[in-house]
Structures are given as structure tokens and as C-alpha cells.
Amino acid sequence: DVGDQENIKMVKFTTGDKNGFITYNLTSSKNYFDCDVINGEDAFFKIYIKDKGAKLDLDKVLAIISTVNVSNIPVLDASK
């Protein structure tokens, strides 16, 4: 849930070896960011940020995205 649907925006981004879309809602008390990210190895992942203090902006979210490394994300094995 990214909050009030009337205020939702979407932006396409490229940062380093990653690109994708950020769907976001910036309000006075909460910011929501739903990030769909594809890296240079064509791995897809999602990052969801609920910023209760409304301290983040798009530049800070892009900085967070740029630090994510696929090797740090656990892979679920559906066969187990």
C-alpha cells in the first residue's frame, strides 16, 4: 500500500548497473516508495520503503537502491 492513490507518482530511473521504476507517494507525515529494480545481470527485485518520518526523497531512495547487491539477497528454494 503506497497510501492515497490520488498522490501517487511513478519515475523511471537508472543508477549504476541498475534501472527500473519507483512508484511513490510523498506526504507531509509519511513517504512510501515501491521500487522495481533490474540489475546488470537481469535479476529483478523489489524494494519497499515506508518512511514514517518523511525524511527520504527520491535522491536518498536512489542512494539506497545503488547499495543493494544481489549477492546480499537470500534466494528461496521452492523445492525444499
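This structure is a prediction, so every number in the text was calculated from the model and none was measured. All values below come from the heavy atoms of this structure, side chains included, with hydrogens, waters and symmetry mates left out.
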Under 3.5 Å, side-chain donor or acceptor atoms of residues 59-66 against the rest of the protein: list the pairs with distances, not counting sequence neighbours.
residue, atom, partner, partner atom, Å
K60, NZ, K55, O, 3.3
S66, OG, A63, O, 2.7

Determine, using the 4.5 Å side-chain heavy-atom cutoff (strictly less than), whether I38 and L58 are members of one ILVMFWY cluster.
no
Same hydrophobic cluster for F33 and V11, using side-chain heavy-atom links shorter than 4.5 Å among ILVMFWY?
yes
Using atom types as modelled and distance alone, determine if a side-chain donor or acceptor of K18 lies under 3.5 Å from a backbone N or O of V68.
yes
If we only count heavy atoms from C-beta on, is the [X] to [Y] side-chain gap below 4.5 Å?
{"X": "N25", "Y": "N31", "result": "no"}
{"X": "V37", "Y": "F13", "result": "yes"}
{"X": "L56", "Y": "Y24", "result": "no"}

In Å, rounded to the nearest 0.5 Å, how long is the span from [atom1] of [X] to [atom2] of [Y]?
{"X": "M10", "Y": "I22", "atom1": "CE", "atom2": "CD1", "result": "10.0 Å"}
{"X": "I8", "Y": "Y32", "atom1": "CD1", "atom2": "OH", "result": "10.5 Å"}
{"X": "N19", "Y": "K12", "atom1": "CG", "atom2": "NZ", "result": "7.0 Å"}

Sequence neighbours excluded, the answer for side-chain contact (heavy atoms from CB on, under 4.5 Å) partners of K46 is D34, D36, F44
